[in-house]
Amino acid sequence: MPGSVKLRSVKKFGQENDSYEFSDEAPQTHSLIHRSKNGKKEESAIRVGFFQLFRFASCREICMMIFGSICAIIHGSAQPLMLLVFGMLTDTFIEYDIELNELTDPEKVCVNNTIQWRNLTEDENLALNMTRSCGLLDIEYEMTNFAYYYVGIGAGVFILGYLQISLWITAAARQIQIIRKMYFRKVMRMEIGWFDCTSVGELNTRMSDDINKINDAIADQVGIFIQRFTTFVCGFLMGFAKGWKLTLVIISVSPLIGVGAGLMALFVAKLTGMELQAYAKAGAVADEVLSSVRTVAAFGGEKKEVERYDRNLVSAQRWGIRKGLIMGFFTGYMWFIIFLCYALAFWYGSSLVVDTQEYSPGTLLQVFFGVLIAALSLGQASPCLEAFAAGRGAATIIFETIERKPEIDCLSEAGYKLDKVKGDLEFHNITFHYPSRPEVKILDQLNLQVKSGETTAFVGPSGAGKSTAIQLIQRFYDPKEGMVTLDGHDIRGLNIQWLRSLIGIVEQEPVLFATSIAENIRYGRPGVSNDDIITAAKEANAYNFIMDLPQKFDTLVGEGGGQMSGGQKQRIAIARALVRNPRILLLDMATSALDNESEAVVQEALDKVRMGRTTISIAHRLSTIKNADVIVGFEHGRAVERGKHEELLDRKGVYFTLVTLQSQGDKALNQKARQEMEEAASSDPDAERKSLNRAGSYRASLRASLHQRSRSQLSNVVPELSVAIAGELGPRSYSETHSGLPDDDSEEVEPAPVARILKYNAPEWPYMLFGSFGAAVNGGVNPVYALLFSQILATFSMPDPVEQRREINGICLFFVVVGLVSFFTQMLQGYAFSKSGELLTRRLRCLGFQAMLGQEIAWFDDHRNSPGALTTRLATDASQVQGATGSQIGMIVNSLTNIGVAIIISFYFSWKLTLVILCFLPFLALSGGFQAKMLTGFAKQDKEAMEAAGQISGEALNNIRTIAGLGKERNFVEMFEAQLEAPYQAALKKANVYGACYGFAQCVVFMANSASYRFGGYLVYREGLHFSFVFRVISAIVTSGTALGRASSYTPDYAKAKISAARFFQLLDHIPKISVYSDEGDKWDNFKGDIKFIDCKFTYPSRPDIQVLNGLSVSVRPGQTLAFVGSSGCGKSTSVQLLERFYDPNNGRVLIDGRESTRVNVAFLRSKIGIVSQEPILFDCSIAENIRYGDNQRHLSMDDVIAAAKKAQLHDFVMSLPEKYDTNVGSQGSQLSRGQKQRIAIARAIIRDPKILLLDEATSALDTESEKTVQEALDKAREGRTCIVIAHRLSTIQNSDIIAVMSRGYVIEKGTHDYLMSLKSAYYKLVTTGAPIS
């Protein structure tokens, strides 16, 4: 029984991955593919043997798979079986034809069913060996029999195909269901440290893609592989059994094809690499330019950059064209070899038939097609192997996760539950590193007590370990040394779910789940009544705003709580924490993300609920900490001080620095501290500085942390003025602004019309014409093959041997000619279309890049237009568009000529038969298309079905900390498993549909053959049609039909191309609000540089809820210097950006020389402004090039460059470099120190000879030495120009004409240095405390 043997061969290849031994050419190409795909994971890919993929199969599934395999084996032997019938059928036709030919001779006659000479006796005829029978062959009857055979095989194939596919898919669906459940269950049990080391994105891909890969490896692909492998074995067996000589001859040619395929794969991989490398240069340019788009815009370098980008695209284009040519060459070569193979086989085979009479013509066909089919099935089986390899690679990680034991298992039942909890927490000698960063010590021998019922505040710079301490209390991590105790019990001995149920936590950015408000609060405690929810909401000050919403508690909060404002989210989160009625309340920066008004409300709520609970609060806002019972100061992972507010202020340690640095009074610098400071300042200004510098070590880190943690509430400089300006946005206004923003990245785009894509490709029409010509010739090859093939069959019934030989040789020669033609036209097609496609890609990239640089700056703030996203869009979208033009047109032309020629040939030879077969053509095309689709798989539908489950798993994994804190892992696992039911049912349904389709696709060829040969027999008998015409018509249409189907399905690029093109056109059609390329707007000659801001209001389009400028009014006359000071985020840099017209104000006006900025020509305005910013951005070219960048309107000589460099105190330093002005500054100026970069930037601004000079913290990043030099350069540059300075060091702005102190987006005081000092207000306080104005 050969079946079992075959299965074992599959098993063998599964266990050891030395692939499989049955063919000389496939393994190399396969292992190539394997290596390139899993280059990184080579070791990991092999750890799961093929048969281990089925470890979750139950008995029932195993039976299904075994039965499915048996069906596949029988199905695989159907095609070779059909060849037996086909051979007999051919022989019958030829017999009949010879008989007809004999009887056309008037001398011969049919007597007693033998052909005899008319005028000879029976014995004489016998002596002449006239024994050929006649009159016995009823061709119609024979054909009917063969038709029944065909129908029988077809029906068998349909049933087998259906069973084989549906059984395998059903079995796989069940196993995948189990794997999904187990995987998600295991992931939800993992400790938080595991999530730190595994990115959520990666887990999400594993949940979807990797499990789908396993699915592909254990589903229908196995059945198809077994079937194709059986066909391969049976085909060769048949070849050797029926005629070993011919089989060997054909096999001897096959290495040539294998070598061709291998080389092609090699070259294509190499050339693709080269093309990508070449594009990488251009991509780097694009990335560099888009990351520093503000600099490019400020210096008007858009046109220059587009040219530079285009120059770099040329080499990528060259490699692309080479790749097309080489692919064309190899495809041509393969076709050429195949046709040579045909010629050889028919020439040698016909000599075996005619000369030695070893084979009948039928045998010749059986052997030839047997080997051909075997080779084809082997080729089609190899994609399955890829799927198996991919599946094993994916399974490795998934199975390892399923087997992993979590270090802290949150679903375990183990551990004590205390009867009575007091709430004393203590940290004993704790040392801790995060598992994701084992080299950084976060907590270092931390000792700390938190008494029950007290409020303890943790303060300290960011990274000091405050939040970490809180996470240890929740047991998200276990410390490496030491222990955390609750009422004297080590928390590692307690039950985790119980421990976490005691704790309520409110985080800085609270996570809400995408359900209603009531449900979100209910997450705090399962089975909580509605009254409890309302009570909790009242306690959290959330009740009133909830009742104002139209749907009250049933209002949906949106994905991640997106429909709620910060203050509302925060209060819902507090209600959720309160509904647990927790013993321990952890507040991690619970109010930091709020504006003042909401903060007050939330703070009030928190003060209400702290009573009688152990509370730990982390905050940077002192107002929130001031009234804590104990304040603990953290530094470098230790608790360095503890005490009350007053005591700690006296200690002048961590806490004191924090207070002073915040320089935002809010009455927190209460009277006592302020008096002290003023006394110190008046008696000895330096004393104050000294005390501050003691803590200076982390003043930097503190400032950083303040920036980072206080993103939106930007602290106020002046205590008296802490009026809340940005009130809390009401729910309604907020949700409107929100829904106005397009949802998520995947905006739906209508696919672009092909006509428009072609319009961009118009200049390449000659290439496209030649390519189409090549494609047309290639399309005609298939039907020509049918013509030659049937012609050969016709020769076998010729009576004259010499004539016969000559005919056969002619046909074989013709095969060679067709091969040669095909070789050249394939090359032509490949070259012409790659040329037109690459030129189109380059043109689109250029246009796209130009369009990007023409957008207003606000466009770049949108996260969808980040430099990374834009560069990928240039790289991929532009190259995908060519899928809709060149190669696509080639495909269409090819298919059309193929079908066209086939139909013309067929109608010419027999219109009746053609009409019969044409009925089957749509089905044939469908079947061809379906099979090609089979190869690519149906992964897309599966993905859609998984969407709902994916949403749950995505939400769960993104917010795993919140879920763990609430102890809600089980709920999410249950929700996920409930969502898996639908995709599972869909998969079962798909198994049946898919199986039926597959069976139909497989059997339609048999049915078409049965009908057409039966009708052909009728025509041959009744209408004297020559039998070779029957073969001609049938093979022409059948081959072209399946080819058509394949072509139609091998065009997934086409849909992709249209979408990519649409995205591209969207970009090209997007009209920027502030256009750089337009010539509209005022220009005037005597530009003075008189600037007025009149009541400007502004919010950044990407953050519409934060008012940045709030009625800014300030003016500066030509030649004056205006200095802005103020805390970070008060709108200083924003005002500069309005002047540059990166943005336009929402209300109010900016006047330049008395004209409104919105009416001035953008390029003209920017050409009058020079800017030096804090972190100057230099481009990756020489120093001279960087300086020249200052003025892109005219060509600058070297003398101009040197003059500018001298003014910027740069010349001497440059001359000391080996390559002087040709020194490359490295990417983003990385080869230079900050001071050097800064001076190049100044030279760049000077060379423009601007009327207005903007210095945005131009010296803040420098050490004292460089600062001096740079400052001198700046003072020189300021002469005779209007200048706006933004600075943090007061020394740099003391001699400005006007100093404007800004806060919260407007100017609170302005005047000269002396005038402001005499006011003794904000400015005075800044100068005397000496704190940096952050």
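Residues: numbered from 1 along the sequence shown. The figures that follow rest on heavy atoms only: side chains count, while hydrogens, waters and symmetry mates do not.
Taking CD1 of Ile398 as the start and CD1 of Ile214 as the end, the distance is 4.0 Å to the nearest 0.5 Å. Interatomic distance, Cys234 SG to Leu81 CG, rounded to the nearest 0.5 Å: 8.0 Å. Expressed to the nearest 0.5 Å, how far CD1 of Ile226 lies from CD of Gln221 amounts to 12.0 Å. The line from CZ of Arg55 to CZ of Phe399 is 5.0 Å long, rounded to the nearest 0.5 Å. In this structure, Phe56 CZ and Lys181 NZ are separated by 13.5 Å, a value rounded to the nearest 0.5 Å. Rounded to the nearest 0.5 angstrom, Tyr477 OH and Glu191 CD are separated by 9.5 Å.
What you find for Thr230 and Ile73 is that their closest heavy atoms are CG2-O, 3.3 Å. Considering all non-hydrogen atoms of both residues, Ile211 and Ile179 come closest at CD1-CG2, 4.3 Å. The minimum heavy-atom distance linking Leu163 with Cys71 is given by the pair CB-SG, 3.7 Å. The nearest pair of heavy atoms linking Gly161 to His75 is CA-ND1, 3.8 Å. Residues Leu53 and Ile218 share a closest heavy-atom pair of CB-CG2, 3.7 Å. Shown here for Ile192 and Ala964, the closest heavy-atom pair between the two residues is CD1-CB, 4.1 Å.
Using a cut-off of 4.0 Å between Lys/Arg side-chain N and Asp/Glu carboxylate O, Arg180 and Glu977 are scored as not salt-bridged. Ion pairing of Arg500 with Glu969 is present here, as a side-chain N (NZ or NE/NH1/NH2) and a carboxylate O approach within less than 4.0 Å.
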Discussion item. Between Ser377 and Ile373, does the side-chain contact (heavy atoms from CB on, under 4.5 Å) criterion hold? Intermediate values first, please.
Written reply: CA-CA 6 Å; Ser377 341; Ile373 284 175; 4.0 Å; yes
Practice prompt. Show your working on side-chain contact (heavy atoms from CB on, under 4.5 Å) between Arg576 and Thr962 and close with a plain yes or no.
Written response: CA-CA 11 Å; Arg576 178 174 69 193; Thr962 308; 3.6 Å; yes
Worksheet item: Stepwise, does the side-chain contact (heavy atoms from CB on, under 4.5 Å) test hold for Trp194 with Ile960?
Response: CA-CA 11 Å; Trp194 184 79; Ile960 186 73; over 6 Å; no
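For the pair Tyr998 and Val157, the minimum side-chain heavy-atom distance is 4.5 Å or more. Side-chain contact between Ile224 and Ile165 is present, with at least one heavy-atom pair separated by less than 4.5 Å. Put simply, the side chain of Phe50 reaches to within 4.5 Å of the side chain of Val222, judged on heavy atoms. For the pair Met188 and Arg970, the minimum side-chain heavy-atom distance is 4.5 Å or more. Side-chain atoms of Glu407 and Asp478, non-hydrogen and from C-beta on, never get closer than 4.5 Å to each other. By the 4.5 Å heavy-atom criterion applied to side chains, Gln1002 and Gln227 are counted as neighbours. Contact of the Ile491 side chain with the Ile496 side chain is not registered, since no non-hydrogen atoms from C-beta on lie closer than 4.5 Å. Annotation: side chain of Phe54 is in contact with side chain of Gln175 (closest heavy-atom distance under 4.5 Å).
Counting only N and O atoms by type, the side chains of Arg522 and Asn530 include a donor and acceptor under 3.5 Å apart. A side-chain donor-acceptor contact under 3.5 Å links Tyr162 and Asn992.
Proximity of a side-chain donor or acceptor of Lys186 to a complementary backbone N or O of Arg404 within less than 3.5 Å is detected. Looking at Glu61, its side chain never comes within 3.5 Å of a backbone N or O of Ala171 through a donor-acceptor pair. Between the side chain of Lys213 and the backbone N or O of Gly391, no donor-acceptor pair lies under 3.5 Å. A distance-only check finds a donor-acceptor pair linking the side chain of Thr231 to the backbone of Gly76 [under 3.5 Å].
Between Phe232 and Phe225, the distance from one ring center to the other does not fall under 6.0 angstrom.
In Tyr984, the OH atom is crowded: over 12 heavy atoms of neighbouring residues, nucleotides or ligands sit closer than 6.0 Å.
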